[in-house]
K.L.:
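Here you go, one structure.
Just the heavy atoms: all of them, side chains too, but no hydrogens, waters or symmetry mates, feed the values below. Quantities reported herein were computed from a predicted structural model and do not represent experimental measurements. In this chain, numbering begins with 1 at the start of the sequence shown.
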Amino acid sequence: MGEAKTLEGIVRLLVKADSSYAAEAYFLVRESVSYAQTRQDVHRHLTAGELVEALLEYAEKEYGLLAGQVLAEWGLTCGADVGRIVYKLIDAGVLSASPEDRP
């Protein structure tokens, strides 16, 4: 399997094209999507608010009191940053969007 076909390879290419966010931020957003979906009773599309809430909760569990600092160091300073990463991952084929989604 080629490097660009793995999540790590895709993230490496995304960071190379735009270094606004650390590679870890992409992985965190992807992990937060999975984390948020496990909190749902049924598998369904997540709202932006649900994803941001899940990301903050997941980051707090992973990094404790340093979560805010870690997120900032990776370039995640607001919900719009999470949305930008989501759409980069959608464009790369890692995540999917519904027709009514928008950046």
K.L.:
Would a distance-only check, ignoring hydrogens and angles, find a side-chain to backbone donor-acceptor pair under 3.5 Å from Gln69 to Leu66?
P.N.:
no
K.L.:
One pair to check against side-chain contact (heavy atoms from CB on, under 4.5 Å): Glu31 and Glu62. What are the steps and the verdict?
P.N.:
CA-CA 11 Å; Glu31 291 166 8; Glu62 290 293 309; 5.8 Å; no
K.L.:
For the pair Val94 and Val11, evaluate side-chain contact (heavy atoms from CB on, under 4.5 Å) and give the outcome as yes or no after the intermediate values.
P.N.:
CA-CA 10 Å; Val94 174; Val11 168; over 6 Å; no
K.L.:
What class does the angle between the rings of Tyr63 and Trp74 fall in, given that below 30° is parallel, 30 to 60° is tilted and above 60° is perpendicular?
P.N.:
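Rings of Tyr63 and Trp74: perpendicular, over 60°.
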K.L.:
Please tell me whether Lys88 and Tyr21 have a donor and an acceptor in their side chains that are separated by less than 3.5 angstrom.
P.N.:
no
K.L.:
How close do Tyr35 and Lys61 get, counting heavy atoms only, and between which atoms?
P.N.:
OH-NZ, 3.0 Å
K.L.:
Which pair of heavy atoms, one from Val86 and one from Val29, lies closest together, and at what distance?
P.N.:
CG2-CG1, 3.8 Å
K.L.:
CG/Leu28 to CG/Leu71 distance, rounded to the nearest 0.5 angstrom?
P.N.:
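It is 6.0 Å, given to the nearest 0.5 Å.
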K.L.:
Rounded at 0.5 Å granularity, tell me how far NZ in Lys16 sits from CG in Leu14.
P.N.:
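Reported value, rounded in 0.5 Å steps: 12.0 Å.
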K.L.:
Any ion pair linking Arg84 and Asp81 (charged N to carboxylate O, less than 4.0 Å)?
P.N.:
yes
K.L.:
Please determine whether the number of non-hydrogen atoms from other residues, nucleotides or ligands lying under 6.0 Å from atom CD of Glu60 exceeds 12.
P.N.:
no
K.L.:
Here's a test for you: under side-chain contact (heavy atoms from CB on, under 4.5 Å), which of Leu95, Val82, Asp101 qualifies with Tyr87?
P.N.:
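Filter result, single survivor: Asp101.
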K.L.:
Measure the CG-CZ distance between Leu7 and Arg12 for me, rounded to the nearest 0.5 Å.
P.N.:
10.5 Å
K.L.:
What is the minimum heavy-atom distance between Glu50 and His45, and which atoms define it?
P.N.:
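In terms of heavy atoms, the two residues are closest at OE1-O, 4.1 Å.
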K.L.:
If you compare all heavy atoms of Ile85 against all heavy atoms of Ala25, which two are closest, and at what distance to 0.1 Å?
P.N.:
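Looking at all heavy atoms of both residues, the shortest contact is CD1-CB, 3.7 Å.
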K.L.:
What are the two closest heavy atoms between Ala36 and Leu46, and how far apart are they?
P.N.:
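Shortest heavy-atom contact: CB-CD1, 3.7 Å.
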K.L.:
Might you point out which heavy atoms bring Ala59 and Ala67 nearest each other, and give the distance in Å?
P.N.:
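Residues Ala59 and Ala67, closest heavy atoms: O-CB, 3.6 Å.
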